[in-house]
Structure formats: structure tokens, C-alpha cells
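Numbers restart at 1 for each chain; the letters A, B, ... are given by sequence-line order, proteins then strands.
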Protein chains: 2
Amino acid sequence: MVDQPNIRDVAKAAGVSTATVSRALAQPGKVREATLKKVMDAVEKIGFVPNRQASMFRSRKSNTVILLVRDISNPFYLDIYKGVEEAAFAAGYKVLMGDAREDDERITHYIEAVRECHADGLILMIGSFPKKLLEQTDRLPPFVVALEEIDGLEAPTVRVDNVAAAEGAVAHLIAQGHKRIVHLTGPLDEHLGKTRLEGYRRALKKAGLPIDEALIMPGDFSLNAGYDQTAKLLEKGAHFSAIFASSDQMAIGAASALREKGLAIPDDVSLVGFDDTLIASIFYPPLTTVYQPRREIGRAAMAMMIRKLSAHAGDPVAVEEPLEDQQFLTELITRNSVAPFDDARPGT
Amino acid sequence: MVDQPNIRDVAKAAGVSTATVSRALAQPGKVREATLKKVMDAVEKIGFVPNRQASMFRSRKSNTVILLVRDISNPFYLDIYKGVEEAAFAAGYKVLMGDAREDDERITHYIEAVRECHADGLILMIGSFPKKLLEQTDRLPPFVVALEEIDGLEAPTVRVDNVAAAEGAVAHLIAQGHKRIVHLTGPLDEHLGKTRLEGYRRALKKAGLPIDEALIMPGDFSLNAGYDQTAKLLEKGAHFSAIFASSDQMAIGAASALREKGLAIPDDVSLVGFDDTLIASIFYPPLTTVYQPRREIGRAAMAMMIRKLSAHAGDPVAVEEPLEDQQFLTELITRNSVAPFDDARPGT
DNA sequence: TTGAAAGCGCTAACAA
DNA sequence: TTGTTAGCGCTTTCAA
């Protein structure tokens, strides 16, 4: 690659100062039209591409936001990303996606990325946070939390009513006559895991059904957890006719374990997931699951971020509206993975 | 966020010059041990985090590589990414993943990202390239091509024998007695699409079977293409007992279309995919497919990139070994989506 | 082995 | 509306 021309070359070619070139490029409105044309022609002619590294460095802004998620391989986050990217693009921001993997070191790494000026802020979709960093609140970069809640971290949040969503899913199974329902939970030391479990309990309680703690299997949203915990249950000879998994991935994992034992879905065991990822509709049988408006959630989170950043920059225009938490509605999508409870095939 | 301390603060605290701090951080071997300790203590004490923006700007290196793929939502690329990331991490590089979506504008955008000094090089996993850019070869950033071939672009390449892989897959179907085999192709104006089709033709020819052009359905690797083209075929009342899809995603799409018509896999129609993504093993029935060593391919591509970059930087150490193309072996993974041809259930 | 000093390409006061 | 100028934080000669 040959040496790039710089802003001085453009200035020379256009017969203006470097400041004018800079302005013409960044704030075309602040430059006379004739000048703008001269600059643009020069840019075109010599093939100038601004060195963003330099401009970020100088202006101390990267116009980039990092979306930090639990597990980048969960397709759930792809739609979130798309929503974030839409809102970001419209406002001139770029988005980078980071994989936290529930690992404090990786999280710290991303926080440092902001300190190193790679990004202006963070959208967090993780359930815990390194204790070390929680203490230094004044050195934390701007962030927004989406769909999660982090103990000890006050932040503008995009929410969903997980208790109600889980309760609805389990109530659906109960309405189909199921009584012994397994719950494959999320991480139980975190908000998402706790609230969905709470919804599960509430649905059973409301229906006057007993809660068998042996049917509550701790997981972490991953495919493998779904498989392992279901296999364990089957090995123990547990009795159940339905499973409510806290993620589609876990539901799919559970399905594998069931099939290995020759159990059919939904004939022997009914199955409900959470998230309505692409895989839920592709799966055979198509999975009943809880839909969350991912795209909108992503957009809302980024919108919050933008407001937060402009407040940070001292821009008064955007601060009028306070950074209030926002709540979205979930919806139970019923497909073919749930069948009425059948006395002749009472599950396992 | 409070103001970050800078290198001068560290220098002051350690009682050395800024140049020494810079050296201590970047090339610890070039600094006396006692000095190194003084610097490190000062760094620790005042909580210094180097401003990467500044150092990249100054050194004109970002230690970042962009992995540009066809479609970020295809899980195939996740493992490639992991391989790239492994090799990159070991060499102190970071990896960003970009989504080309077969869109010249997006591709140009990523090329510019390198010119803007966001990244040092590109690993391309795309099948075409903006014509405009092809002409200015001397201004193109360092790149490596993986698994694809781009007309008009000479580049070190990581390959797989697509003809042989496709031929093997189709030969497997033929060995099971299938004679009328659909091929859902990749983009036919690109290397990947052409070579796999070539393998399909070759297998039929070798077996002495006729090639029915009506069974060759052009696609683009996407789920929707698999669905649409299969649905079209079924609507036309085409006869076939097996499908060879050029990607797992297309195979899954085809399966949906078949099921909607009440056709069972593999009882009525056998199905073979390509890539062996996670979904192939999770799918019901588990999908017979062509495995490519994605992780290794990613690692190899990044290794090439690193060598290319250090050659660029004039580092003579790494140039000994020439940048030769590298080839990896594929493997047919047989699962349960293929059954022997059954006269009683001759497909569609 | 270390320090002094120049300057990377750009932006942002300030002045004109 | 435009130009002049200082300097962001760091790396990198060059000299000591």
C-alpha cells in the first residue's frame, strides 16, 4: 500500500487551509458552498481518505460503541446487534460486539477498550460485573444495561418482565394438562435466572400445583447445559411430562437428550423455550417459545446510549428527556413442541 | 469518567523520561531491570492505561485484522473466527469481524477501514470484489483469501478441494441407490458455487447417470434460498429422491419445504449439507454433511496474514518461508439424513 | 541504557 | 466564513 495523502495535501490542492478541509469534511454546513466544492474536488482528485486514527485521537471520540454480550455464539444477540446497529448507524456510530463469556478478565478487557479510547461507551448484556471495577464508579465509562440487571450497578436499563413471561409459558403448559414440569434455569445467582424461576414458581402456585425442587435444574442458557441437565434427570428416573427451558438453546439441548432415550417431542414430553431465535422455528418440531422484541430492544438500548453520550459531552439538547428505564412486552409463540398431557403417554 | 493519567504522569512519578516509559511498556527487554520496576510501580500506583488511540496513531499500526465474511449470521464463520482469533491473540493481534453481505459498498467500507488505519489487513472470505478497487492494486491493503477465490485478485489462499468434496458427497448418495439428485448450488458466478457444481456433475458422470439440468437449482447459501428453490421444485412436480445442498443452511431450508409437503427425511428424500455447522448435528434428523476444519483454516489464514504483515513492515525474519497457498482436507460426516433409495418410496 | 526533542494527522480555540 | 496556531499522547530518532 502506497502512502496515503493527508489533509495538508488536500488543503494545498484546494487552495485552502487544513482547518477548512477538516470542517468541510466534518461539518459541511459551516463552509461556503463554493469552498466545499473545491475541497471535495481536491479530495476526489488525490484520493484522500481521512486518517480516523488521527481524528479520534485528537477529538477523543471514537463514535463507536461496544455491545458486550454473554455469549456471542447465541444467535439471540444477532438481532439485538442489528437493532443496535440501526440506531447507531442513523446517529453516525459504529458498533463492535464483544464476547464476555461470563469471564471477569474479558469484561475488564472491554472496559479498558473504552479507557483506551477505542469506544465511547458500553451496552452491557451480562449478568455480573467484576467486583474490582464496581468500586471505581467514577472511572467507569458510560454504559447502558439491556435485559439484565447487575447488582451494585446503577444504570439506565431496557427491560422485559421476565417473571410474567416465564409465568405465561408455564401456565400454557399447565393449561395443556401438564403437572410435572421441569425448569431448566439460567444462572441462579443472576437476575435473569432468578426472575424466570420466580415466574415458574408463581405459575405452579397459582394453579395449586406442588413445586418439586428436584425438577428445577440449574443451567446457564447453553446448549450443553440443556443436554446435560436433562440427561441427568433421565438417568435419575425423574418423572415429568414437560420442560420449560430458560433459552431456546437449552431447549434444543434437552431435546437431544430426550431423543437419545427414545422419547418423542411433543408426544412424550412437551417443550417450551425462551427467546424465539431462528432455531426455534427451524427445529423439528417447531418450538413453542417466548418472543422478545430483540430488534426494538437493541434500538432502544442504543438510543439510551446516544442520549447518555451527548449528555456526557455536555450537549444540552438531548438531556431534556431523562434517561428512564424502558420496558418491552414479550409474547408466547405457540408452535408444535407442546401437546396436551396424555394419560396413555405420561412422559418419563 | 475522570481524566486518564498519561505517560508524562508516569514518567514524573517514576523519575524517568517519557521515552523510557514508552520503551518499558513496549520493549521491556531494552530497559534496565531496576528502571523497569520503577516504571511498573508508577503505572500501578497511578492507574495508568496507555491510550492506544495515540499509540496506534503514532506508530501507524493497529494490531488489528478484519475478517470479512459473506454473511455474519452463518455460524460457519464463528469457528473460523475462533481459529483466526487464536492465532491472532498469540501474536498480539485483535480481530474484528465484518459482514460483507455480497455488497460492494460494504466491502469498500471495510477496505477504507484499513486505509483509515483501523486495521492492518484483511482476511477475505468473500467471492467477489468491487471492480473499482481491483484496478488500484497498489493501494490495496494487505490481504489473505480463505476458502474462496476472487477473480482478478492474486492473493495467498487457504483452500479446500471443493470439487472433490462435492463429488464425494454426491457419490455417497449414489452409492445409496439415488439417481435423481437435486443440487442446491452456491452463487454460480463464484468459485465456491462453480466448483461444487463441478463436483456434482463429475460424480454423476462417473456413475454413468444422466444430468438433469432441471434439478440444478441456483442458490446463495442462505436458508431462504434453500427453502424457496425446493418449494419451487416441488411445485413444478419435479421427481427426485435426494438433495445435495451447498450449505447446511440451505439444507435446513430445503427440509422445511419438504416437510410442508408432508415428505419425510430421509424416508422420502435424503438430504446432504455442506459445512458441518452445529445445526447439522442438532437438526432432526442429524444431517449428513461435509466437514471442513474451520478452526485450522482460520488459524492458517491468520498465520499467513501475520507473515504478510511482517514482510510488509520490512521484518526479514518472517519472510524466509514464502507465502504459499495451503490446502486442507474435507471429510464427509454421515448421519441420519440419508437412507438407501427405496423403490416403495421413490421420493417425489 | 537513557533523555531531549521532533512530530505523526488531525481538530479546535481564537483571531481575522 | 476562513486561516493561524497550538497541541492531543505517544513513539522514535538522535545524541549523550
Side-chain angles (χ1 to χ4, degrees), chain A residues 1 3-40 42-43 46-63 92 112 114-118 120 313-315, chain B residues 1 3-40 42-43 46-63 92 112 114-118 120 313-315:
Chain A
M1 206 166 31
D3 248 17
Q4 298 289 331
N6 68 20
I7 200 171
R8 255 172 287 126
D9 300 324
V10 180
K12 213 176 297 169
V16 298
S17 74
T18 59
T20 301
V21 177
S22 176
R23 272 189 294 256
L25 263 31
Q27 316 154 53
K30 293 206 165 187
V31 164
R32 220 190 19 221
E33 202 153 319
T35 317
L36 183 63
K37 185 164 164 19
K38 273 197 292 184
V39 172
M40 289 316 187
V43 165
I46 67 179
F48 171 69
V49 179
N51 182 330
R52 284 261 169 274
Q53 218 66 267
S55 78
M56 285 182 200
F57 165 52
R58 184 57 234 253
S59 62
R60 312 175 124 278
K61 283 198 322 193
S62 60
N63 284 329
E112 300 227 316
V114 182
R115 289 207 188 134
E116 286 174 350
C117 301
H118 272 139
D120 300 333
D315 181 347
Chain B
M1 202 166 32
D3 249 16
Q4 298 288 332
N6 67 20
I7 201 171
R8 254 171 288 129
D9 300 324
V10 180
K12 213 176 295 171
V16 298
S17 74
T18 59
T20 302
V21 177
S22 174
R23 273 188 293 257
L25 263 30
Q27 316 155 55
K30 294 207 163 184
V31 164
R32 224 195 12 229
E33 203 155 317
T35 316
L36 184 62
K37 186 167 163 16
K38 273 197 293 185
V39 172
M40 291 315 189
V43 165
I46 68 178
F48 171 69
V49 178
N51 182 330
R52 284 259 167 274
Q53 217 66 267
S55 75
M56 285 180 197
F57 165 52
R58 184 56 234 251
S59 62
R60 313 174 124 276
K61 282 197 325 191
S62 59
N63 284 329
E112 300 227 315
V114 182
R115 291 207 187 134
E116 287 174 350
C117 299
H118 272 140
D120 301 333
D315 181 347

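B/Ser22 comes within contact range of at least one nucleobase, with a heavy-atom separation under 4.0 Å.
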Polar atoms only, N or O, under 3.5 Å: list the protein pairs with nucleotides 3-5 of chain D and their distances.
{"residue": "D/dG3", "atom": "OP2", "partner": "A/Ser17", "partner atom": "N", "Å": "3.0"}
{"residue": "D/dG3", "atom": "OP2", "partner": "A/Ser17", "partner atom": "OG", "Å": "3.2"}
{"residue": "D/dG3", "atom": "OP2", "partner": "A/Thr20", "partner atom": "OG1", "Å": "2.5"}
{"residue": "D/dG3", "atom": "N7", "partner": "A/Arg23", "partner atom": "NH2", "Å": "2.9"}
{"residue": "D/dG3", "atom": "O6", "partner": "A/Arg23", "partner atom": "NH1", "Å": "3.2"}

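Atom NZ of B/Lys12 is separated from atom P of C/dG3 by 15 Å (rounded to the nearest Å). C/dA12 atom C1' lies 18 Å from atom CE of A/Met56, rounded to whole Å. Put simply, CG on B/Leu25 is 12 Å from C1' on D/dT11, counting in whole angstrom units. Regarding B/Phe48, its CZ atom lies at a distance of 10 Å from the P atom of D/dG9, rounded to whole Å. When the P atom of C/dC10 is taken as reference, atom CZ of A/Arg8 falls 8 Å away, rounded to whole Å. What separates NZ of A/Lys61 from P of C/dA12 is a distance of 7 Å, to the nearest Å. As rounded to whole Å, 9 Å separates atom C1' of C/dC8 from atom CG of A/Asn51. Rounded to whole Å, atom P of D/dG7 lies 15 Å from atom CZ of A/Arg60.
For a distance-only test at 3.5 Å, the side chain of A/Arg58 qualifies as a donor-acceptor partner of the base of D/dG7.
Looking at B/Val39 and B/Val16, their side chains come closer than 4.5 Å, going by heavy atoms from C-beta outward.
The CG atom of B/Asn51 sits 6.5 Å away from atom CZ of A/Arg60, with the distance rounded to the nearest 0.5 Å. Atom CZ of A/Phe57 sits about 10.0 Å away from atom CZ of B/Arg58, to the nearest 0.5 Å.
When each of B/Leu36 and B/Phe57 is assigned the nucleotide of DNA chain C bearing its nearest heavy atom, the one mapping closer to the 5' terminus is B/Leu36.
Here side chain to side chain donor-acceptor pair (under 3.5 Å) pairs that include residues 9-20 of chain A, with residues two or more places apart or in two chains, are A/Ser17-A/Thr20. Screening residues 25-40 of chain A for salt bridge (Lys or Arg N to Asp or Glu O under 4.0 Å), with sequence neighbours left out, gives A/Lys37-A/Asp41.
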What donor-acceptor contacts under 3.5 angstrom involve side-chain atoms of residues 21-28 of chain B, with partners at least two apart or in another chain?
none

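The stretch residues 26-34 of chain A touches DNA chain D through A/Val31, A/Arg32, each having a heavy atom within less than 4.0 Å of the strand.
The minimum heavy-atom distance between A/Pro5 and A/Phe48, with the atom names listed, is O-CD1, 3.3 Å.
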